[in-house]
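Here's the structure, in structure tokens; my notes come after.
No experiment lies behind these values; they were computed from the predicted model shown. When a residue number appears, it is its place in the shown sequence, counting from 1.
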Amino acid sequence: MSSILSRLPFDETLIYINGEWTKSQASQTCRVENPDTAETIATVPECNARDLDLAVQAAYSAFHDGPWVNEYSGAQRRDALLALATAIEESRQDIEELESLNTGKPINDVRVELDDTIDLFRFFAGYADKVEGRHIAAQTNRNLEGYTVKVPVGVVGFINAFNYPICLLAWKVAPALAAGCTVVFKPGPQTPLTTQYFAHLLHKTGKFPKGVFNVVLGGVGVGQALVDHDLVDKIGFTGSVATGKQVIRSTASTRNVRCTSVELGGKSPGVVMPDADLDKTAKLVVSGCMANAGMNCNALTRLWVHRSIYDEFMPRLKAAAEALVLSTPQDTATEMGPLIDKRQYDRVLEYIRIGRDEDQAALLTGGQPALGRGYWIQPTVFYNVSPTARIATEEIFGPVLSVLEPFDELDEVIAIERKNEFGLAAGIFTRRHQDIAKFTRKLRSGTIWVNNYNALYSYLPFGGFRNSGFGRELGYESFDGYLVPKSIIDDISY
């Protein structure tokens, strides 16, 4: 699989700005690792503020003076996005290999994510020629006609997370380009390679004018420069709560206030009611928590189990967690991969220690490093965990599930979860429609799954409440977030 590195159709030591692959202005570089083995697989530039300024200036010129906004019709932008989707589809095997190598994801998971990526560009292409305004007939003055038009918000700066590099890129870039925006994109520093491959494919289509899409690489420094740049009209961020709050503060304190959309953390609850299918639910819970090695903002990490089935459910949950296959990510039998890097690996192991030593939680299974290489950790389940314990309230971002103390009434769960500082997602497992209606109506979560978990679709919005952020990804709501209404008032008697 690593042979993909020898046949990359781009030079990973360059950055993509203004329609060209160019050398970074910075001398610093960043190592890119394979999380499976902790080996270095590439070295990429650590961009500086000068690189960032060149990228933003390119996007600004492309928006205000270039053809993407000023000459292209919605149908032309639609066709460009459809061509890009086809280009991704034609190169999907290379992208899948590269993504699995750079992230440690099981190859089967990556294939699903590539399906989603291709679908997203085609889905949002369908909106590109359907930007609509409203006509408002004369109200108080018969000579005044009013109407609205929607225009693209402008230059959008994206700061992406490391956990879903190519898929989250599609979440952000597809609706922004469909709306007519131009983009400066910064991938997570750990996982830049498929973003560079995407830039290569976008360029190869010949459908996107120079400056419409630009890539800068690096960490906090270049990210902060992007947030602070006065020519950026909107920031889209996916990442931690702490960094998200810094992004919000920065966008409010720069010379030009700009809009933001932030998708942050989660500590998502799941509820197992007495009538649930326990065998099926145990597998769904483990998948909901351990998918992507738990590096999932909407991971099911707080589990409530009804007292009447608690003791019966625990052996099933243990068996489901221990049945997960941990092996080489490129093996199609593999079901869970490693953590992304040593920092995250150490963080998860520290939380496991906190669960044992500070929270005094009982360990059901796991809790140890795995495979003797890279950044692997066993699927870990604690039980009889206090709802206020650190492992039950703080986002770990790893394969760690906290089964909370047994509950008796659904209302008590809802009352506690209303005070959860996060509100990204939740799940309930029951056949009782009364319980489903109560839970989905009263809980403040952006996505609620009923008898399933982690299913997401291009046409349904995704986002949260409170510390899980604001704004929405996916669906028409995402597309509309890159448009701004203008009101036009015309005196027809003039």
Side-chain angles (χ1 to χ4, degrees), residues 1-16 21 29-46 87-118 160-170 185-201 215 217-219 290-296 324-345 369-377 397-399:
M1 282 286 187
S2 60
S3 62
I4 179 61
L5 296 174
S6 65
R7 62 174 193 273
L8 289 177
F10 58 89
D11 184 345
E12 73 273 15
T13 66
L14 302 179
I15 52 177
Y16 187 73
W21 290 97
T29 58
C30 179
R31 293 188 308 111
V32 180
E33 289 185 322
N34 172 5
D36 175 27
T37 62
E39 295 174 335
T40 298
I41 57 173
T43 301
V44 299
E46 177 86 23
I88 296 170
E89 189 169 45
E90 291 173 348
S91 297
R92 66 174 299 159
Q93 183 174 344
D94 281 354
I95 299 172
E96 288 164 0
E97 291 181 20
L98 190 60
E99 188 85 328
S100 181
L101 185 68
N102 190 185
T103 63
K105 290 174 182 283
I107 191 66
N108 286 344
D109 291 355
V110 175
R111 287 168 180 163
V112 172
E113 290 169 24
L114 258 292
D115 287 340
D116 292 344
T117 298
I118 295 163
N160 204 19
F162 62 75
N163 55 335
Y164 289 92
I166 191 67
C167 198
L168 287 183
L169 179 151
F185 191 90
K186 190 195 86 66
Q190 303 95 329
T191 53
L193 298 181
T194 50
T195 294
Q196 291 174 294
Y197 205 119
F198 172 84
H200 160 74
L201 293 176
V215 177
L217 306 178
M290 309 299 174
N292 206 38
M295 296 181 294
N296 219 349
L324 285 177
V325 177
L326 280 62
S327 184
T328 304
Q330 290 74 38
D331 186 337
T332 56
T334 301
E335 296 176 300
M336 194 186 97
L339 280 301
I340 191 66
D341 59 16
K342 189 173 190 306
R343 180 181 177 184
Q344 195 62 26
Y345 173 83
L371 300 192
R373 66 173 191 258
Y375 306 122
W376 295 82
I377 293 178
F397 225 57

### Query
Is a side-chain donor-acceptor pair under 3.5 Å present for Thr37 with Arg373?
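Side chains of Arg373 and Thr37: no pair found under 3.5 Å.
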#### Entry: Donor on one side chain, acceptor on other, Gln330 and Ser100, under 3.5 Å
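Their side chains do contain a donor-acceptor pair, which is all the 3.5 Å distance test asks for.
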Is a donor on one side and an acceptor on the other found under 3.5 Å between the side chain of [X] and the backbone of [Y]?
| X | Y | value |
| --- | --- | --- |
| Asn292 | Gly294 | no |
| Ser6 | Ser3 | yes |
| Asp36 | Thr328 | no |
| Gln196 | Glu12 | yes |

Heavy-atom check, side chain of [X] versus side chain of [Y], under 4.5 Å:
| X | Y | answer |
| --- | --- | --- |
| Lys186 | Asn160 | no |
| Pro399 | Leu339 | yes |
| Pro189 | Leu217 | no |
| Asn108 | Thr334 | no |

For [X] and [Y], which heavy atoms make the closest approach, and how far apart are they?
| X | Y | answer |
| --- | --- | --- |
| Asn163 | Asn296 | ND2-CA, 4.2 Å |
| Val32 | Leu193 | CG1-CD1, 4.2 Å |
| Thr117 | Ile88 | CG2-CD1, 4.3 Å |
| Pro329 | Lys105 | CB-O, 3.4 Å |
| Thr13 | Pro45 | O-CG, 3.1 Å |
| Ala293 | Pro338 | CB-O, 3.7 Å |

### Task
Step by step, work out the side chain to side chain contact (heavy atoms under 4.5 Å, CB included) result for Met295 and Tyr164.
CA-CA 9 Å; Met295 296 181 294; Tyr164 289 92; over 6 Å; no
### Message
Working to the nearest 0.5 angstrom, can you tell me the gap between Leu201 CG and Arg92 CZ?
### Response
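Leu201 atom CG to Arg92 atom CZ measures 13.0 Å (nearest 0.5 Å).
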### Query
From Thr103 OG1 over to Ile166 CD1, what is the distance, rounded to the nearest 0.5 angstrom?
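Going from OG1 on Thr103 over to CD1 on Ile166, the span is 11.5 Å.
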### Task
Report the C-alpha separation of Ile107 and Asp331 in whole Å, then their side-chain angles, then the decisive distance to 0.1 Å, and conclude whether the side chain to side chain contact (heavy atoms under 4.5 Å, CB included) test is met.
CA-CA 7 Å; Ile107 191 66; Asp331 186 337; over 6 Å; no
### All side chain to side chain contact (heavy atoms under 4.5 Å, CB included) counterparts of Asp341, not counting sequence neighbours
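Partners of Asp341 by the side chain to side chain contact (heavy atoms under 4.5 Å, CB included) criterion, ordered by chain and then number, come out as Glu33, Gln190, Arg343, Gln344.
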### Query
In terms of side-chain geometry, is the basic nitrogen of Arg7 or Glu97 positioned less than 4.0 Å from the acidic oxygen of its partner?
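Here Arg7 pairs with Glu97 in a salt bridge, since their nearest N and O are under 4.0 Å apart.
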### Task
Have a look at Phe10 and tell me which of Tyr197, Tyr16, Phe198 forms a ring-ring contact (aromatic ring centres under 6.0 Å, His included) with it.
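Among Tyr197, Tyr16, Phe198, the one that satisfies the ring-ring contact (aromatic ring centres under 6.0 Å, His included) with Phe10 is Tyr197.
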